[in-house]
> 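Sharing a structure with you now.
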Amino acid sequence: MASNYSQVLERLFLYRNELGKTQQQMSLAFDVTQGHYAKLESGAKIISYQSLKHFEAHGGDIHFLLTGTVTKTGEINNYMSMCKTEEGKKWLFEALVWLFHKCGSFYLKETPILSPKTYKSLQLLRYINKENTIWECIRKNENLSQIKMAEHFDINVKRYRRIEKLKVAPDAEILNTLYCRLHYSPLVILNREMYFLDELNQIWNAMPESAKDRLKPLLQEILTFIQLYEKAS
């Protein structure tokens, strides 16, 4: 499979050591036997979707485990929380991406580059609806057939179709490939977190206070418009 799953295994081993836990203790967090956990850590077995969710419920950082990056929260999350509807959040996210793309390089000495993950999050929102599963939305966003999607994950198309129809859950290797090859956060699948805010928070934190003071009134105007729309709809 075209993924960096070996790095997931390295992070799992380091994660356990940093926590000072035994394999037996970690097996409880993953809801598996000690013997099964040993196979997860060695790569003899792939971490299941259910084990990832169980690990998260016990305080584990599944985003870091799958991607190698820690999810960063900040003031941009606070702005997003002021929107009460999904439509409002979509509008604000689109405005934030545009604003940071245009203004970030103006206020920072080094031009910040938003990665494909941020733009993929923005593009994916066009396809989100009740008729399509999240996997169908990703496939349409990529303009790929089911066969090509299966090739990306190095699985047979029958298995991919079952994943797309939500009949089976994707394991950690598939979610890692989703991130490494197609540039979607695994939290889109695991938690339906549709907005990739990490880079926006990083750019905001890097801006001088004078720049933030200029941008805050503009953000407030955008929020006021969105909130008026939300009340009227």
Side-chain angles (χ1 to χ4, degrees), residues 1-12 15 27 29-33 36-37 39-58 60-69 71 86 89-90 93 115-198:
M1 180 174 287
S3 71
N4 294 324
Y5 191 68
S6 61
Q7 295 180 14
V8 174
L9 302 181
E10 292 173 8
R11 286 191 289 270
L12 180 59
Y15 204 150
S27 71
F30 280 86
D31 195 29
V32 296
T33 66
H36 187 97
Y37 176 81
K39 292 180 180 179
L40 295 182
E41 200 169 277
S42 70
K45 287 187 177 293
I46 306 299
I47 305 170
S48 71
Y49 181 95
Q50 291 76 16
S51 287
L52 287 172
K53 293 296 291 183
H54 202 273
F55 183 53
E56 181 184 42
H58 284 72
D61 188 342
I62 53 176
H63 189 272
F64 171 74
L65 182 63
L66 292 170
T67 71
T69 62
T71 303
E86 285 304 313
K89 290 178 182 177
K90 289 179 185 179
F93 184 64
S115 77
K117 293 184 287 295
T118 296
Y119 294 111
K120 288 291 183 74
S121 295
L122 179 60
Q123 294 164 0
L124 183 60
L125 294 173
R126 297 177 302 172
Y127 294 98
I128 300 301
N129 55 55
K130 295 180 180 179
E131 287 71 38
N132 296 320
T133 69
I134 184 62
W135 286 100
E136 288 174 307
C137 293
I138 290 173
R139 181 165 60 81
K140 290 181 178 181
N141 198 37
E142 294 298 313
N143 193 28
L144 294 174
S145 67
Q146 290 182 332
I147 293 174
K148 289 296 182 181
M149 284 289 282
E151 289 175 357
H152 269 297
F153 297 111
D154 194 22
I155 59 177
N156 64 59
V157 69
K158 184 177 180 180
R159 183 183 175 193
Y160 173 75
R161 285 171 179 157
R162 288 176 61 79
I163 291 172
E164 185 174 284
K165 294 299 182 183
L166 307 183
K167 293 182 178 180
V168 297
D171 59 31
E173 190 168 15
I174 287 175
L175 293 171
N176 176 251
T177 303
L178 180 71
Y179 178 80
C180 293
R181 291 206 64 178
L182 297 180
H183 308 296
Y184 293 95
S185 168
L187 297 184
V188 170
I189 304 297
L190 289 159
N191 296 334
R192 293 286 291 191
E193 291 186 18
M194 305 307 300
Y195 307 99
F196 190 78
L197 304 179
D198 292 41

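Predicted model only: the values in this text are computed from it and were never measured. Values below: every heavy atom of this structure, side chains too, minus hydrogens, waters and symmetry copies.
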> Taking all heavy atoms of Leu9 and all of Gly43, pick out the closest pair and write down the distance.
CD1-CA, 3.6 Å
> Under a 4.5 Å cut-off applied to non-hydrogen side-chain atoms, are Asp154 and Thr177 in contact?
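Sidechains of Thr177 and Asp154: no contact.
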> Side-chain contact, heavy-atom cut-off 4.5 Å: Thr67 with Lys117?
no
> List for me each residue that meets ring pair (Phe, Tyr, Trp, His ring centres under 6.0 Å) alongside Phe30, sequence neighbours excluded, and say none if there are none.
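Phe30 satisfies ring pair (Phe, Tyr, Trp, His ring centres under 6.0 Å) with Tyr37, Phe55 once adjacent residues are dropped.
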> Give a yes or no on whether Asn143 atom CG has more than 12 heavy-atom contacts from other residues, nucleotides or ligands under 6.0 Å away.
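Not buried by this count: 12 neighbours or fewer within 6.0 Å.
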> Using 0.5 Å steps for rounding, measure from the CG atom of Asn132 to the CZ atom of Arg139.
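The CZ atom of Arg139 is 8.5 Å from CG of Asn132, to the nearest 0.5 Å.
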> Taking Asp31 for its side chain and Ala29 for its backbone only, find out whether a donor-acceptor pair lies under 3.5 Å.
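Side chain of Asp31 to backbone of Ala29: no pair is present.
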> Listed by chain and number, what are the side chain to side chain contact (heavy atoms under 4.5 Å, CB included) partners of Asp61, not counting sequence neighbours?
Tyr15, His63, Phe64, Val70
> For Leu190, is there any backbone N or O sitting under 3.5 Å from a side-chain donor or acceptor partner on Lys53?
yes
> Taking Lys120 for the side chain and Leu182 for the main chain, is one N or O donor matched with an acceptor at less than 3.5 Å?
yes
> Do you know which two heavy atoms are closest between Val157 and Ala150, and how far apart they sit?
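Closest pair (atom of Val157, atom of Ala150, distance): CA-CB, 3.7 Å.
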> Would you say the side chain of Trp135 lies within less than 4.5 Å of the side chain of Pro170, judging by non-hydrogen atoms?
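Yes; the side chains approach each other to less than 4.5 Å.
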> Work out which heavy atom in Ile189 is nearest to a heavy atom in Tyr49; give both atom names and the distance.
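That would be O-OH, 3.7 Å.
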> Do Tyr184 and Ile134 have side chains that get closer than 4.5 Å, going by heavy atoms?
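The answer is no; the side chains never approach within 4.5 Å.
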> By side chain to side chain contact (heavy atoms under 4.5 Å, CB included), which residues pair with Glu193, not counting sequence neighbours?
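Side chain to side chain contact (heavy atoms under 4.5 Å, CB included) list for Glu193, sorted by chain: Leu187, Asn191.
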> Side-chain contact test, heavy atoms from C-beta onward, threshold under 4.5 Å: evaluate it for Leu125 versus Tyr195 and give yes or no.
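Counting from C-beta outward, Leu125 and Tyr195 do come under 4.5 Å.
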> Is Glu151 paired with Lys148 through a side-chain N to carboxylate O contact shorter than 4.0 Å?
yes
> Atom CG in Asp171, atom CG in Asn176: separation rounded to 0.5 Å?
10.0 Å
> Can you check whether Val188 reaches Leu178 side chain to side chain, under 4.5 Å on heavy atoms?
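A side-chain contact is absent here, since even the closest heavy-atom pair is not under 4.5 Å.
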> To check you understand the geometry: which heavy-atom pair defines the closest contact between Tyr179 and Ser185, and what is its length?
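Closest approach of Tyr179 to Ser185: CD1-CA, 4.3 Å.
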> Roughly how far apart are Ile147 CD1 and Asn156 CG, rounded to 0.5 Å?
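It comes to 11.5 Å.
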> Return the minimal non-hydrogen interatomic distance between Glu131 and Asn129, and the atom names on each side.
N-OD1, 2.9 Å
> Could you tell me if the side chain of Glu86 sits less than 4.5 Å from the side chain of Lys89, heavy atoms only?
yes
> So for atom NZ, which belongs to Lys45, do other residues, nucleotides or ligands contribute more than 12 heavy atoms lying within a distance under 6.0 Å?
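Open.
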> Would you give the length of the straight line joining atom CD of Gln7 to atom CD of Glu10, rounded to the nearest 0.5 angstrom?
6.0 Å
> Can you tell me how far apart CD1 (Ile62) and CG (Leu65) are? Round to the nearest 0.5 Å.
8.5 Å
> Working to the nearest 0.5 angstrom, can you tell me the gap between His183 NE2 and Ser121 OG?
12.0 Å
> Regarding Gln123 and Tyr119, do their side chains bring together a donor and an acceptor under 3.5 Å, going by distance alone?
no
